[in-house]
Amino acid sequence: MKMLEHYLYKYFSYTTFKEKQQEIIEEVMTKRNVFAMLATGSGKSLCYQLPALINEGLTIVISPLLALMENQVQELKQKGIKRTAAYNSFLSFKEKKYILSNLSSYKILYISPESIQQHDVLYQLAKQNISLFAVDEAHCISQWGHEFRTDYLKLSNIRDVLGAPPCLALTASAAPEVQNDILQQLQLKDPVIFCDSIDRRNISIEVVPASNEEEKKKVLIDFLNVLPMPGMVYVSSRKKAEKLSIMIKEETALTAFSYHGGMTQEDRNLIQQQFLEGETNVICCTNAFGMGINKPDIRFVLHYNYPKDLESYIQEIGRAGRDGFPSTAILLRSNEDKIFPRRLIENEFPAENQINEASIEIEKNAQQKCSEQFLMERCGFEETHARFFTHYWNEWHNHSHKLNEVKEYILKIIDKRKGWKFTKLKQMEEWIWNDDTCRRKRLLEYFGEKQLTKPEQCCGICGADPLKKERHIKKPSKNMTWKDRLASLFHQCS
DNA sequence: CGCATCGCTCCTAAGAGCGATGCGGTGCTTTAGT
């Protein structure tokens with residue numbers, strides 16, 4: 001298709017497509033539904049941007065973060081593509097109104113799953129000719145949709161209201177069952193599926209045992225003293241992020257900052273910017289940091305605490321070495337860590353007694369629908385729990401099932417979801433604590449891939465990593481500290 | 001579960017010591033209006 005290349009040059013001044021881009025775009029142009037799992041940096045956004053500009057009508061892009069939308073719009077505008085906008089709460093009433101009453105003059109509209117549900121918005125959009133319904137970072141559907149941001153589960157209904165335009169779902173990591181979940185939630189009929197390998201061959205993979213928190217701190221500092229910079233340290237809580245960044249500043253010569261969702265937007269922007277510009281060596285963060293971060297030269301990603309599933313893990317380590325140069329993923333494991341992720345999962349769901357209480361309260365008030373506000377004010381629900389409960393309550397009622405069984409339905413959902421989440425956590429932990437098989441191989445297997453050839457610097461089990469090789473081949477003398485061992489090794493290698 | 005924090009106790013005071021309590025991650029949205 002010479003035509004595509006013509007438009008590629010016209011709008012983006014590129015002369016050639018990256019791998020798979022062209023095939024995906026061709027399928028999108030034929031109005032097929034497409035699911036594409038592409039490594040970060042492989043030009044996912046172009047897959048909807050180019051068709052959006054060529055086709056008649058409006059392309060809607062569902063995006064999980066306001067910052068992502070803003071970046072994308074800005075980038076497009078810099079390329080001279082002006083007929084694009086992000087519709088979200090950053091806008092004033094006037095701006096929102098302007099966009100809604102001029103929808104036909106836009107080619108691409110970025111919007112969150114929450115905003116698109118708003119009555120006005122949906123009403124106006126439904127009157128448009130929607131050429132494509134794109135879902136960016138589609139793993140959010142599976143990762144966030146069921147509990148945290150249930151509006152993600154409503155996307156297939158939204159798409160129906162919009163006249164069922166063709167859909168393109170894009171993500172960087174989804175194991176087969178997550179993929180199925182996404183396809184099912186979006187109700188994609190007969191989709192074309194593209195999958196890149198998730199293998200990042202320039203990233204070597206390490207798991208380092210530590211018997212307790214004290215030892216982990218020590219190992220962390222030892223690593224930081226020898227690892228090339230910059231890098232990221234993932235932790236599980238906000239407080240830990242702050243404490244570790246202070247510790248690193250005190251005990252090393254490095255600059256370190258923390259980053260988490262509890263900080264103001266200004267602080268987050270500032271710290272992110274400093275890191276992107278190379279002014280910070282180490283960033284200690286929760287899982288708030290990452291999506292949309294495109295820093296090419298991150299040399300290591302160190303997990304001080306491990307995430308709840310291998311999808312998150314692969315996403316997080318994938319932030320290292322985007323420039324293709326050798327990089328390292330290190331995970332510090334300690335038995336003490338096992339409690340925290342379990343607590344997090346439990347905490348995602350309202351407690352059974354709350355559910356009982358809420359059901360009684362709602363019936364007492366003879367309400368057909370329950371509202372989040374009611375649950376928070378009358379039943380003491382947290383916001384996310386209230387939204388979770390409301391979503392499934394309404395879902396049940398919309399399908400006009402027996403009213404008295406809604407409580408059992410919600411309890412069943414919770415049971416099922418906890419089961420799913422604990423299974424994923426178990427798979428993560430099995431991967432961490434299995435010291436027999438190549439870590440890369442097991443990771444690939446989880447994502448339904450077969451390992452073809454191993455990179456030279458594969459993983460700690462394969463003994464390919466210089467850090468690991470030293471530890472395994474030469475049994476270190478007892479008096480030697482981690483620091484000495486690593487330092488001597490690095491001097492040897494360089 | 002494990003840790004940090006809170007408030008109580010002691011009673012000359014301040015601050016140490018105690019048990020009880022609660023917190024722990026991810027983000028969107030949100031009024032009025034020519």
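In the text below, chain A, chain B and the rest are named by the order of the sequence lines, each starting its count at 1.
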Rounded off to whole Å, could you give me the CG-to-C1' distance for the D309(A) and dT26(B) pair?
12 Å

Taking NZ, NE, NH1 and NH2 as the nitrogens, is one of them in E346(A) or K418(A) under 4.0 Å from a carboxylate oxygen of the other?
yes

Donor-acceptor check, side chain of K308(A) to backbone of K421(A), threshold 3.5 angstrom: yes or no?
no

Would you indicate what R268(A) reaches in the nucleic acid, counting non-hydrogen atoms under 4.0 angstrom: base, sugar-phosphate, or nothing?
sugar-phosphate

Give the residues of residues 233-247 of chain A touching DNA chain B, defined as any heavy atom closer than 4.0 Å, sorted by residue number.
S236(A), S237(A), R238(A), K243(A)

Side-chain N or O of T384(A) less than 4.0 angstrom from OP1 or OP2 on dG27(B)?
no

Quick test of your reading of the model: are K216(A) and D337(A) salt-bridged, counting only N-O distances below 4.0 Å?
yes

Tightest non-hydrogen contact, residues E336(A) and E213(A), listed as OE1-N, 3.2 Å

Does a distance-only test, which skips hydrogens and angles, find a donor-acceptor pair under 3.5 Å between the side chain of R149(A) and the base of dG27(B)?
no

Is there a donor-acceptor pair under 3.5 Å between the side chain of N88(A) and the backbone N or O of L66(A)?
no

Pair assignment for dT5(B), Watson-Crick or G-U wobble, requiring both distances under 3.5 Å
dA20(B)

Verify whether the ring centers belonging to F388(A) and F349(A) lie closer than 6.0 Å.
yes

Between P of dC28(B) and OH of Y152(A), the distance in whole Å:
9 Å

Under 4.0 Å between any heavy atoms, over every strand shown, what does P64(A) touch: base, sugar-phosphate, or nothing? Just pick one.
sugar-phosphate

Check the distance between dG24(B)'s C1' and E213(A)'s CD and give it to me in whole angstrom.
14 Å

In B/S/- notation (B base, S sugar-phosphate only, - none; protein heavy atoms under 4.0 Å), nucleotides 29-34 of chain B written 5' to 3' is SS--BB

Is it the case that atom NZ in K127(A) sees more than 12 heavy atoms from other parts of the structure closer than 6.0 Å?
yes

Measure the distance between the ring centre of F340(A) and the centre of the six-membered base ring of dC1(B), then answer whether it is under 5.5 Å with planes under 30°.
no

Would you say E95(A) has more than 12 foreign heavy atoms packed within less than 6.0 Å of its CD?
yes

